[in-house]
Amino acid sequence: MRLFFLLFISTLITACAGLPTQREQFYPQHADEQIDEVRSGRFVLRLTEAGTESLGTQGQFELMRLSSMTKPRASRRVLIWLGPLGQSIGSLEQRPDLPVRIFDAQGLLLTEGDKRRFAQRLLGLQSSESVNDAALDRLLDALLELITRATKTDEQHQLAVGSAQLHLRIALDPVK
């Protein structure tokens with residue numbers, strides 16, 4: 001009986017070890033995929049809720065646009081969030097007709113519950129009742145769009161997130 005139990009446990013461990021995990025892909029994934037643009041800069045995020053002190057964070061970002069001539073649906077944008085000292089916070093990946101995928105600092109695809117923790121860490125929040133999951137999803141989509149569309153070296157934006165206001169400052173690095 002004991003031998004059967006040990007064989008069962010070892011089989012279970014072996015099977016779980018072989019399960020694939022989705023990892024972020026910063027580099028071209030197809031033979032004809034090319035990097036169209038790489039931009040970098042700095043950001044400051046501040047969330048203000050009525051009756052509370054402002055919370056926020058700052059850091060750096062890198063944005064890559066990749067496209068494929070033969071697979072148009074494979075085009076994508078990857079936004080890499082970096083902390084003030086350059087350490088990875090995580091990344092967002094957007095493809096046409098698909099929801100934004102969020103990866104942690106180790107490059108692993110986040111689950112729904114992890115997405116909320118990621119957004120809270122990015123915003124410097126501990127917990128916010130006024131910012132629900134749907135608002136956080138819209139917020140992450142909006143941040144990706146604003147950074148993608150930024151054209152000036154210094155831009156400021158304000159967004160409503162639930163009953164809170166988000167202030168975003170983007171400073172693009174000069175193009176070399």
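Side chains included, hydrogens not; waters and symmetry mates left out as well; all remaining heavy atoms used. Starting from 1, each residue takes its place in the sequence as its number.
You'll find the side chain of R76 stays beyond 4.5 Å of the side chain of L98, heavy atoms only. Between I170 and H157 the shortest side-chain heavy-atom distance falls below 4.5 Å. The closest side-chain heavy-atom distance from F103 to V78 is not below 4.5 Å. Within the 4.5 Å cutoff, the side chain of L159 has heavy atoms near those of the L146 side chain.
V44 and L82 fall into different hydrophobic clusters, where Ile, Leu, Val, Met, Phe, Trp and Tyr residues are linked whenever their side-chain heavy atoms come under 4.5 Å apart, directly or through other members.
Checking side-chain atoms of R39 against main-chain N and O of F61 turns up no donor-acceptor pair under 3.5 Å. Checking side-chain atoms of R95 against main-chain N and O of R101 turns up no donor-acceptor pair under 3.5 Å.
How far CG of D104 is from CG of L109: 9.0 Å, rounded to the nearest 0.5 Å. Atom NE2 of H167 sits about 4.5 Å away from atom CD of Q158, to the nearest 0.5 Å. Separation of atoms CG (L108) and CG (D114) is listed at 9.5 Å; rounding is to 0.5 Å. In this structure, the separation between CD on E37 and CG on L63 is 6.5 Å, given to the nearest 0.5 Å. Note that CH2 of W81 and CD1 of I102 are 10.5 Å apart. Values are rounded to the nearest 0.5 Å. Summarising the geometry, atom CG belonging to D36 is positioned 10.5 Å from atom CE belonging to M64; distances are rounded to the nearest 0.5 Å.
With sequence neighbours excluded, the residues forming a side chain to side chain contact (heavy atoms under 4.5 Å, CB included) with D154 are R169, listed by chain and number. Under the rule for a side chain to side chain contact (heavy atoms under 4.5 Å, CB included), the partners of S40 that lie at least two apart in sequence or sit in another chain are E62, D173. Applying the salt bridge (Lys or Arg N to Asp or Glu O under 4.0 Å) rule to D141 yields no partners; only residues at least two apart in sequence or on another chain are considered.
Looking at every heavy atom in both residues, A105 comes nearest to S88 through CB-O, 3.3 Å. Minimum interatomic distance between S75 and P96 (heavy atoms only, all atoms of both residues): O-CD, 3.0 Å. The two atoms that bring L143 and L168 nearest to each other are CD2-CD2, 3.7 Å, heavy atoms only.
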